[in-house]
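Since we're looking at a predicted model, the values are computed, not measured. Indexing begins at 1, ligand by ligand and atom by atom, following the structure's order.
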Amino acid sequence: MNLYKYVSEKLNEKLGFDAKLETPRNREFGDFSTNAAMVMARGAGKNPRELANEILPKINELDFVESASVAGPGFINLKIKDEFLWHAVQSADEITQTANPLVIDMDYGAYNVAKSLHIGHLRTSIVGDMLYRLGRSLGHKMISYNHMGDWGRSMGFVIAWIEKLHPDWPFFQADFDSDADYSKYTFDPDELDTYYPAAAALAKTDNEFLEHAQIITAKLQQGHAGYNALYNIFMPISLASMNKTVRLLNIIPFDNDLGERNAAKYTAPVEKIIREKNLLVKSDGAEVIVVKRDTDNKPMPPVMFYNSRGAVPYDATDIMALYYRKITDNPDKVIYLTDKRQSLHFEQLFRVAELLQMFPADALEHIGYGTINGADGKPFKTRDGNAAGLNDIIEMVGAAARERVTESGKKLDDATIDMIALAALKFNDLSHDLRADYIFDPAQITSFEGRTGPYILYTAVRLNSVLRRAGEFVQSANAVKMNTDERNLVMELLDFDRTIQAAFESRATDLVANYAYDLCQLVNTFYHNCPILREDVPADIRAMRINLVQIAAHVLTHTIDLMGLKVPNEM
Ligand code: ARG
């Protein structure tokens with residue numbers, strides 16, 4: 001239940017006025033407060049305090065209001081009846097379903113074939129997965145795309161490098177036989193990931209090699225049998241490594257692993273639409289779409305559709321990818337998640353989609369996230385000075401988590417330590433404002449105290465352990481007069497639904513992560529101050545507290561699920 005929304009709607013109905021409800025941090029004077037009287041008074045030329053006093057009796061008529069009072073220049077504070085709260089909190093973990101379910105395509109992850117995942121892929125994966133889970137929990141039809149970099153210039157580099165290593169392999173011979181069995185040709189996944197960087201480095205100094213690689217890319221795209229057979233060998237190996245990372249990060253498998261290669265198949269129909277609209281312009285041997293507008297006050301370069309070699313570059317494949325999604329999912333919305341450095345690319349793309357009347361501008365959304373930095377404020381690097389690979393990061397956090405566990409003197413198995421490390425990594429990422437950069441510090445994020453993933457897990461484990469020890473299930477215990485700790489916890493639980501709605505609406509994962517943290521703090525305060533299973537606790541109070549622990553466990557587990565963390569049995 002979304003308590004905030006409920007109270008706000010009932011209040012507005014009663015007053016016939018759209019008031020803004022505030023939730024004061026300090027609940028001493030009320031659970032909610034509104035400036036309705038002040039705004040209404042301004043309109044009517046009345047004294048706000050007087051008007052507030054006039055409408056108080058009306059507000060007191062609302063059956064969930066315990067008391068209402070006037071404060072300061074004309075604020076009205078409301079206190080909600082305990083009985084009402086207690087009844088409402090029983091279904092606190094239910095998420096109100098959207099009245100307007102949408103088909104939403106989400107483009108995140110977007111890994112590159114034969115290039116190992118790096119730190120830049122962390123946020124797109126973790127945040128994309130959470131937004132997917134949030135949207136689904138609200139009742140939208142979410143469709144995820146791992147829009148792989150699987151068809152561009154790097155493919156030519158990889159193939160050129162393999163040719164350099166094995167010039168005698170059949171894929172490079174003029175008499176290549178498409179029907180023969182090539183199953184003995186295979187690659188070690190880690191070795192495969194070294195080919196692109198090696199080739200790219202060589203191409204910097206060796207122009208002949210560079211041109212050869214570019215020709216290979218073009219020929220691959222045009223259907224060269226040997227190159228395609230080779231591609232069909234290493235592509236699945238690379239996809240398997242991607243999926244291994246996806247599992248390691250506990251990300252819901254992508255609905256579609258369809259990237260640039262799939263998009264490229266739709267070049268002809270898209271080109272036709274563009275030509276019909278007369279939008280393709282020749283420019284220095286290339287063909288481009290002009291997206292500049294008179295109102296622009298920053299550079300807005302054209303989008304290249306064909307480059308001077310006749311190949312379709314990355315920018316253009318995204319037009320085809322949109323076309324593909326239009327004719328398959330026909331989504332109401334497409335959301336992309338990449339590093340903010342790709343913002344211009346998406347701005348251009350969205351303009352093309354509008355020009356082609358494929359999608360209106362407000363159906364397309366790009367979320368550009370900040371970079372993950374080291375202590376020096378520069379993009380995080382490993383000790384040897386290279387951009388950190390995703391697997392390095394996962395290992396580093398794993399080692400830090402292990403150290404923390406050893407420090408604490410706890411004996412935990414490997415599976416539990418993995419869950420702690422995963423929570424540390426993901427929670428940290430989710431708790432930051434998506435658009436901002438942040439500093440990555442493995443020691444800090446694995447701490448068991450403070451705003452960290454391990455602290456969240458620890459609290460969940462504690463709740464589950466109380467329930468196990470209680471050994472009984474208490475369904476809607478009678479409402480007893482709540483003390484402050486119990487009441488604060490109830491109010492926070494009743495903020496779950498509102499938080500989820502707000503987080504999805506504003507694409508703000510930090511709202512959920514910080515909600516989890518606030519909830520855990522209130523849970524732990526309650527746990528310290530309110531004995532549950534101690535013998536001297538009266539039966540009705542015990543029942544109520546067990547009931548409260550159950551609800552808190554449900555809401556916290558639900559929150560943890562939405563963040564894609566896993567809760568161990570003990571910690
Ligand atoms: N593969 C690209 C990269 O690693 C990201 C692709 C993002 N998605 C898209 N539809 N362009 O940078």
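The minimum heavy-atom distance linking Phe427 with Leu565 is given by the pair N-CD2, 4.4 Å. In terms of heavy atoms, Pro302 sits closest to Gln348 at O-NE2, 3.6 Å.
Cation-pi geometry between Lys219 and Tyr227 is not met: the NZ or CZ atom fails to fall both under 6.0 Å from the ring centre and inside 45° of the normal.
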> What's the verdict on side-chain contact (heavy atoms from CB on, under 4.5 Å) for Leu279 and Phe305, showing C-alpha distance, side-chain angles and the deciding distance?
Replying inline: CA-CA 11 Å; Leu279 290 168; Phe305 193 77; over 6 Å; no
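Contact shell of ligand 1 (protein heavy atoms, cutoff 4.0 Å): Asp107, Ala110, Asn112, His121, His147, Tyr314, Asp318, Tyr336, Thr338, Gln342, Phe346.
With respect to the salt-bridge test (charged N to carboxylate O, under 4.0 angstrom), the residues Lys381 and Asp376 do not qualify. Under a 4.0 Å N-O distance rule, the pair Asp429/Arg123 qualifies as a salt bridge.
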